[in-house]
Amino acid sequence: MKTAKVVNSMNRVNPMKIAVASGDGIGKEVIPAALQVLDALSLNIEKVPVEIGYGKWKRTGKAITNDDLDLLRSCDCTFFGAITTPPDPDYKSVLVRIRQEFDLYANIRPVKGIGKGKNINFTIVRENTEGMYSGIEQVFPDAVHSTRVITHKGSERIAEYACLLAREDKDKEGDRRTHPKRLTIVHKANILKSCNLFREVCISVADKHKVPWEDMLVDATAHRMVLDPERFELIVTTNLFGDILSDMAAALIGGLGLCASANIGENYALFEPVHGSAPDIAGKGLANPIAAILSLAMMLKWYGKTKESDAVHDAVAHVTAAGITTPDLGGRCSTMKVADAVTAAIETR
Ligand code: ATP
């Protein structure tokens with residue numbers, strides 16, 4: 001089975017081309033802040049702006065068009081901000097559409113404490129295309145049936161990706177690991193037959209790759225994650241469970257403003273901060289840009305620019321340790337002040 005690589009090592013002749021979709025709300029603030037950091041790396045990267053989201057929906061009646069999808073397709077990957085959900089009962093999520101259109105089956109969410117919870121360092125690998133978000137729903141007058149779809153293929157490829165990460169990811173010191181990370185397979189197989197399939201496939205893939213594994217019920221995982229988050233190294237789970245656990249994990253390390261993510265497919269990827277458009281703080285310069293900046297670092301790593309990706313991580317660690325933070329982390333700095341400090345840290349290093 002072909003599996004997308006952690007580092008995308010496709011041989012490329014042309015410069016990297018990224019679609020930039022900042023979207024709505026604080027997406028419009030954190031994405032330009034992150035792009036300033038990207039510019040400090042002096043890489044030959046073409047940026048293609050793409051307008052999608054609520055703002056576009058208000059203007060044109062559509063949040064995303066086929067032309068927008070073609071524009072995204074013409075690039076190597078997308079750097080995405082956030083989208084406010086339009087108040088339309090027939091509205092279908094733009095992000096879910098992009099994930100399905102490009103078959104971005106692996107959602108990767110690193111959970112790494114910077115100040116708060118600095119010993120927490122694990123990654124959640126979430127299946128991104130099926131489960132409770134299959135999109136199969138039947139609405140009856142007095143009931144709604146949402147279909148949870150778990151397939152052998154979907155479980156196998158996410159387990160393959162998780163095993164790849166278990167072997168290729170770096171440890172806390174940044175050295176190449178000699179031992180694979182322990183994989184925690186999270187499910188609810190005592191109740192759901194679909195989870196039984198997921199669990200069994202994940203176990204057989206982990207055994208095949210000689211990746212050490214344990215399995216854990218999702219409720220027990222939530223409990224242990226609050227009590228002892230340092231014990232986790234790598235989690236693989238289904239769509240809805242991964243969605244919930246990763247937001248909970250964000251709270252353990254200081255909030256959504258720090259959490260980056262990648263949506264990975266065979267030939268395409270989308271990188272985005274985990275947070276949404278946060279209308280309550282939009283336009284005030286209060287948004288923490290670190291999640292977007294770390295998403296950028298994930299993009300650089302995926303593209304094979306590992307040295308530059310590490311430089312961004314180092315600069316972020318330096319800036320947060322110096323207390324240059326936005327109010328969500330207890331600081332007094334604006335979005336751009338934090339971005340300026342990260343940019344300066346890259347330039348001086
Ligand atoms: P949406 O409807 O787009 O999902 P939301 O406000 O419901 O937006 P989030 O954007 O994920 O959901 O944010 C939840 C809360 O977390 C926000 O109200 C905001 O105060 C806070 N928050 C989210 N992202 C950031 C950030 N980057 N910096 C500071 N605070 C943030």
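Below, all heavy atoms of this structure are taken into account, side chains as well, without hydrogens, waters or symmetry copies. Just so we're clear, the structure is a prediction, and the values are computed from it rather than from any experiment. Both ligands and their constituent atoms are indexed starting at 1 by order of listing.
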Engineer: Quick check: is M298 connected to V236 through a chain of hydrophobic side chains (ILVMFWY, heavy atoms under 4.5 Å apart)?
Structural biologist: yes

Engineer: Just list the side-chain donor-acceptor pairs under 3.5 Å for residues 22-37, sequence neighbours left out, or say none.
Structural biologist:
| from | atom 1 | to | atom 2 | distance (Å) |
| --- | --- | --- | --- | --- |
| D24 | OD1 | Y54 | N | 3.3 |
| D24 | OD1 | G55 | N | 3.0 |
| D24 | OD2 | Y54 | N | 2.7 |
| D24 | OD2 | T84 | N | 3.0 |
| K28 | NZ | G23 | O | 2.9 |
| E29 | OE1 | G285 | N | 3.2 |
| E29 | OE2 | G283 | N | 2.6 |
| Q36 | NE2 | D340 | OD1 | 2.8 |
| Q36 | NE2 | T343 | OG1 | 2.9 |

Engineer: Quick check on contacts: which atoms of ligand 1 are under 4.0 angstrom from a heavy atom of G276?
Structural biologist: 3 (O), 4 (O), 9 (P), 10 (O), 11 (O)

Engineer: Cut-off 3.5 Å, no hydrogens considered: what does the side-chain donor-acceptor table look like for residues 64-71, sequence neighbours left out?
Structural biologist:
| from | atom 1 | to | atom 2 | distance (Å) |
| --- | --- | --- | --- | --- |
| T65 | OG1 | D67 | N | 3.4 |
| T65 | OG1 | D68 | N | 3.1 |
| T65 | OG1 | D68 | OD2 | 3.0 |
| N66 | OD1 | R97 | NH2 | 3.1 |
| D68 | OD1 | K56 | NZ | 3.2 |
| D68 | OD2 | K56 | NZ | 2.9 |
| D68 | OD2 | T65 | N | 2.9 |
| D70 | OD1 | R73 | NH1 | 2.8 |

Engineer: So which protein heavy atom does atom 31 (C) of ligand 1 come closest to, and at what separation?
Structural biologist: I281 CD1, 3.8 Å

Engineer: Please indicate, with yes or no, if any protein heavy atom is found under 4.0 Å from atom 15 (C) of ligand 1?
Structural biologist: no

Engineer: In the protein, which heavy atom is nearest to atom 26 (C) of ligand 1, and how far is it?
Structural biologist: N288 N, 3.6 Å

Engineer: Below 4.0 angstrom from a heavy atom of A287, which ligand 1 atoms are there? Numbered from 1 as shown, please.
Structural biologist: 28 (N)

Engineer: Check this for me - ligand 1, S277, N or O atoms closer than 3.5 angstrom, yes or no?
Structural biologist: yes

Engineer: Thinking salt bridges, do R99 and E272 make one under a 4.0 Å N-O criterion?
Structural biologist: yes

Engineer: Using heavy atoms and a 4.0 Å limit, tell me yes or no: is L256 in contact with ligand 1?
Structural biologist: yes

Engineer: Do E127 and T129 have side-chain N/O donor and acceptor atoms under 3.5 Å apart?
Structural biologist: yes

Engineer: Decide if atom NZ of K47 counts as having more than 12 heavy atoms of other residues, nucleotides or ligands within a radius under 6.0 Å.
Structural biologist: yes

Engineer: Among T221, N121, V111, which residue meets the side-chain contact (heavy atoms from CB on, under 4.5 Å) test with F232?
Structural biologist: T221

Engineer: Is R224 atom CZ crowded by more than 12 heavy atoms from other residues, nucleotides or ligands, each under 6.0 Å away?
Structural biologist: no

Engineer: How many angstroms lie between atom OG1 of T78 and atom CG of L104, to the nearest 0.5 angstrom?
Structural biologist: 8.5 Å

Engineer: Please confirm whether I83 approaches ligand 1 to less than 4.0 Å, judged on its heavy atoms.
Structural biologist: yes

Engineer: Any idea which atoms of ligand 1 are less than 4.0 Å away from a heavy-atom of I26?
Structural biologist: 24 (N), 25 (C), 26 (C), 27 (N)

Engineer: Would you say P279 and ligand 1 have an N/O pair spaced under 3.5 Å apart?
Structural biologist: no

Engineer: Would you check whether T326 reaches within less than 4.0 Å of ligand 1, judged by its heavy atoms?
Structural biologist: no

Engineer: Under 3.5 Å between any N/O of A278 and any N/O of ligand 1: does that happen in this structure?
Structural biologist: yes

Engineer: Ignoring angles and geometry beyond distance, decide whether T84 reaches within less than 3.5 Å of ligand 1 through its nitrogen or oxygen atoms.
Structural biologist: no

Engineer: What protein heavy atom is closest to atom 24 (N) of ligand 1, reported as residue, atom name and distance in Å?
Structural biologist: H275 CB, 3.2 Å

Engineer: Could you tell me the residue and atom name of the protein heavy atom closest to atom 20 (O) of ligand 1, and the distance to it rounded to 0.1 Å?
Structural biologist: D280 OD2, 2.9 Å

